[in-house]
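Labels below follow one simple rule: chain letters A, B, ... track the order of the sequence lines, proteins then strands, and each chain is numbered from 1. Here the structure is a predicted model, which is why all the values come from computation and not from measurement.
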Number of protein chains: 2
Amino acid sequence: MDSDVAEYLRQLRMKVTPKRLAIIDILKKESGYLSPEEIWRRMKKRFARIGLPTVYRNLEELANGKVIYRITHPNRQLYYFYCGNSVHHHHFVCVACRAVNDIEYCAIGDLQEEVRRKLSGRVVSHLLQVNGLCRNCLKKNYKGTWR
Amino acid sequence: MDSDVAEYLRQLRMKVTPKRLAIIDILKKESGYLSPEEIWRRMKKRFARIGLPTVYRNLEELANGKVIYRITHPNRQLYYFYCGNSVHHHHFVCVACRAVNDIEYCAIGDLQEEVRRKLSGRVVSHLLQVNGLCRNCLKKNYKGTWR
DNA sequence: GCTCAAATAAAAATCGTTTCTATTTAATCA
DNA sequence: TGATTAAATAGAAACGATTTTTATTTGAGC
């Protein structure tokens, strides 16, 4: 429901603007990740005046607030996708069709343990992303690389 | 030994040029990761004529050949470091001093299993990076963020 | 409705990275 | 050791995704 999103934004002390809601809505409706420019193109169908910097700014703020998530892509450009799962988890990304699925498995416990024991260090954050081919793209026998 | 590096480069069908060896040498001597520009500054002390594109090109090629490795930094700029460990592993990166240490732990088995069982997909690659504070920076009670 | 900080538009700038072209050099082999 | 050739390089230029800037608009609280 949209009121959920609005409520969540208020919790983050972010104003509930039509453009913010639209960006989230666009990402929600998409099964895969999108670039800022791709989101902008979709936004232009909904708003007569909409600047690319607005898209960038909102994407960053929403990602900071964990409403949306960033994809780590080999081309190092920004990509985002919506994920309603609010408990800590990681993602399986299809390199062919851009679909993103949740991975429940997380190794943080073992990692912290190894860093503490062997290195006497402290873990602050970790990045885990699994790339591959989703069920559908496997069927289609996709050969290419990242999109 | 340097002859090891030269031999390795030959295996990769890469010419053993003085600049290539110097880039590797610079990274070897550094305990933490470096940006292309930082490497370039060090190169300029060793070579009268050395272009930044040469540094970029070599860093990419060496990373493709797994002579050096890339760091995934939140600012999305390129960073590289040397790591002689040739068996599959991951890295613990100190966000304060940039030190990089090997992590032996790897979850690839469990990840593949979950992706196959729950998603009927296939894992092609995975990215695991652990960020935190190394032993020394913990002692110094470092408060800041990524460098 | 009024106030004000937050959000936005539009244009411009930034700057890390890549491309292009001519020149040089490492590797191969006679 | 010299000739050959593909790979590597210098330097300048381009590129383009992202960010900054400034004036204007708008959502939220009263």
Side-chain angles (χ1 to χ4, degrees), chain A residues 2-3 5-24 26 33-41 43-65 67-68 70-80 146-147, chain B residues 2-3 5-24 26 33-41 43-65 67-68 70-80 146-147:
Chain A
D2 236 35
S3 59
V5 171
E7 183 49 41
Y8 193 43
L9 290 178
R10 275 186 282 266
Q11 281 176 26
L12 293 171
R13 309 277 178 93
M14 294 171 73
K15 287 187 179 174
V16 182
T17 69
K19 291 176 180 174
R20 229 163 234 169
L21 292 174
I23 287 173
I24 297 170
I26 285 167
Y33 58 82
L34 292 175
S35 71
E37 177 124 13
E38 288 163 343
I39 294 164
W40 185 46
R41 284 205 289 269
M43 289 291 280
K44 283 195 280 193
K45 293 179 183 166
R46 303 192 188 196
F47 299 92
R49 315 181 88 202
I50 170 69
L52 189 49
T54 296
V55 175
Y56 271 93
R57 188 174 5 82
N58 277 300
L59 289 172
E60 167 152 8
E61 290 164 356
L62 293 171
N64 290 342
V67 184
I68 62 177
R70 275 182 259 266
I71 282 289
T72 301
H73 195 285
N75 72 7
R76 298 191 334 283
Q77 286 181 211
L78 290 169
Y79 293 96
Y80 297 90
W146 275 81
R147 273 185 55 219
Chain B
D2 235 34
S3 57
V5 171
E7 184 50 39
Y8 193 43
L9 289 178
R10 275 187 283 264
Q11 281 176 27
L12 293 171
R13 310 277 178 95
M14 296 171 72
K15 288 187 180 177
V16 181
T17 68
K19 290 176 180 174
R20 228 162 235 170
L21 292 173
I23 287 174
I24 297 170
I26 285 167
Y33 59 80
L34 292 175
S35 71
E37 177 123 14
E38 289 162 343
I39 295 165
W40 185 47
R41 285 205 288 271
M43 289 291 279
K44 284 195 280 193
K45 293 178 185 165
R46 303 192 188 195
F47 299 91
R49 316 180 87 199
I50 169 70
L52 188 48
T54 296
V55 175
Y56 271 93
R57 188 173 7 82
N58 277 300
L59 288 172
E60 168 149 11
E61 290 165 352
L62 293 171
N64 290 342
V67 184
I68 62 178
R70 277 182 256 266
I71 282 289
T72 300
H73 194 286
N75 72 7
R76 298 190 334 285
Q77 287 179 212
L78 290 168
Y79 292 96
Y80 296 91
W146 275 80
R147 271 187 54 219

To the closest 0.5 Å, what do you measure between [atom1] ([X]) and [atom2] ([Y])?
X      : Y      : atom1 : atom2 : result
S35(B) : I71(B) : OG    : CD1   : 12.5 Å
R57(B) : L52(B) : CZ    : CG    : 10.5 Å
L12(B) : L62(B) : CG    : CG    : 8.5 Å

Can a donor-acceptor pair be found, under 3.5 Å and without considering hydrogens, that links the side chain of W40(A) to the backbone of Y56(A)?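 Not confirmed, W40(A) side chain does not pair with Y56(A) backbone.
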Could you tell me the separation between the [atom1] atom of [X] and the [atom2] atom of [N], rounded to a whole number of Å?
X      : N       : atom1 : atom2 : answer
Q77(B) : dT17(C) : CD    : C1'   : 10 Å
Y56(A) : dG16(D) : OH    : P     : 13 Å
E60(A) : dA6(C)  : CD    : P     : 17 Å
E7(A)  : dA28(D) : CD    : C1'   : 14 Å
L9(B)  : dT25(C) : CG    : P     : 19 Å
L21(A) : dA7(C)  : CG    : P     : 13 Å
N75(A) : dC15(D) : CG    : P     : 19 Å
L12(B) : dA8(D)  : CG    : P     : 11 Å

With a 4.0 Å cut-off on heavy atoms, is R76(A) in touch with a base, just the backbone sugar-phosphate, or nothing at all?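 Sugar-phosphate only.
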Would you indicate what R57(A) reaches in the nucleic acid, counting non-hydrogen atoms under 4.0 angstrom: base, sugar-phosphate, or nothing?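 Base, at least one base heavy atom under 4.0 Å.
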Please give me the minimum heavy-atom distance between M43(A) and A22(A), naming the atom from each residue. SD-CB, 3.7 Å
Would you indicate which nucleotide in [options] comes nearest to any side-chain atom of [X]?
X      : options                  : value
K15(A) : dA5(C), dT17(C), dT8(C)  : dA5(C)
V16(B) : dT8(C), dA27(C), dT17(C) : dA27(C)
T54(A) : dA17(D), dA27(C), dT8(C) : dT8(C)
E37(B) : dT8(C), dT9(D), dG16(C)  : dG16(C)

Using side-chain heavy atoms (C-beta onward) and a distance below 4.5 Å, is I23(B) in contact with R20(B)?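 In short, these two side chains do not touch, never coming nearer than 4.5 Å.
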Where along residues 43-53 of chain B does a heavy atom fall under 4.0 Å from DNA chain D?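 Here the set is R49(B), I50(B), G51(B), P53(B).
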When you check the phosphate oxygens OP1 and OP2 of dT8(C), does a side-chain N or O of N58(A) lie under 4.0 Å from one of them?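 The answer is yes; a side-chain N or O of N58(A) sits under 4.0 Å from OP1 or OP2.
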Side-chain N or O of T17(A) closer than 4.0 Å to phosphate OP1/OP2 of dT8(C): yes
Does the side chain of N64(A) pick up a donor-acceptor pair with the side chain of R70(A) at under 3.5 Å?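 N64(A) vs R70(A): donor-acceptor pair found between side chains.
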